[in-house]
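A short worksheet on the structure shown next.
Because the structure is a prediction, the values reported are computed rather than measured.
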Amino acid sequence: MNKPLNTNLALRRTVDHYALRAHLVLDTARHQAMTINQAGELDCYLETAWQGACRAFKSPPVKLGQAKATMITLLGQCYTESDTMIVTEDQWHALREGVNCADGVWLRLPAGMLLATM
């Protein structure tokens with residue numbers, strides 16, 4: 001079950017789909033308000049990478065933790081203020097670095113661990 005991710009094509013397609021969605025949401029958030037559904041997709045991608053990193057590595061990457069903290073702040077604002085959220089430039093950069101870091105985490109996780117994380 002510890003087969004590398006890149007040898008499991010079905011799993012690779014699933015991860016690529018989630019990564020594409022996260023990058024699309026991030027790109028959209030730079031120019032317009034992010035909806036709660038978009039935030040949920042982005043948060044899910046970051047959170048599963050975080051969980052996988054916690055299980056597979058000694059400590060999760062710092063950039064991923066910063067992005068996770070940014071998402072917690074944004075989701076908190078969304079739940080208390082409106083159904084959409086405006087992402088500041090600093091928040092967007094933290095999220096971008098976190099998504100890029102999450103991409104690397106997803107690629108390094110063994111297939112069995114990735115399935116357990118998903």
Looking only at atom types and distance, does a side-chain atom of Q91 sit under 3.5 Å from a main-chain N or O of T88, one as donor and one as acceptor?
yes
Closest heavy-atom pair, A94 versus T70, reported as atoms and distance to 0.1 Å, is CB-OG1, 3.7 Å
With a 4.5 Å cut-off on side-chain heavy atoms, are H23 and D103 touching?
yes
Do Y18 and E41 make a side-chain contact, defined as non-hydrogen atoms from C-beta onward lying under 4.5 Å apart?
no
State, with a plain yes or no, whether a side-chain heavy atom of L46 is found less than 4.5 Å away from one of M71.
yes
Nearest 0.5 Å, please: how far is CG in L42 from CD in E47?
11.5 Å
Any donor-acceptor N or O pair under 3.5 Å, side chains E97, H93
no
M85 versus A39, closest heavy-atom pair with distance:
CE-CB, 3.6 Å
Taking the side chain as C-beta and beyond, is there a heavy-atom pair between Y45 and V25 under 4.5 Å?
no
May I ask whether L74 and I86 are part of the same hydrophobic cluster, defined by side-chain heavy atoms of I, L, V, M, F, W, Y residues being less than 4.5 angstrom apart, directly or through others?
no
If Ile, Leu, Val, Met, Phe, Trp and Tyr residues are connected whenever their side-chain heavy atoms lie under 4.5 Å apart, and connections chain through other members, are F57 and L64 in the same group?
yes
Quick one: does any side-chain atom of W92 pair with a main-chain N or O of L26 as donor and acceptor, under 3.5 Å?
yes
Of all the heavy-atom pairs spanning V105 and P61, show the shortest one and how long it is.
CG2-CG, 4.0 Å
Rounded to the nearest 0.5 Å, what separates atom CD in Q66 from atom SG in C101?
9.5 Å
Using a 4.5 Å cut-off on heavy atoms from C-beta on, say whether the side chain of N100 contacts that of K63.
no
Check the surroundings of atom CZ in R96: do more than 12 heavy atoms from other residues, nucleotides or ligands lie under 6.0 Å from it?
yes
Given side chains that start at C-beta, do those of L24 and Q38 come closer than 4.5 Å, heavy atoms only?
no
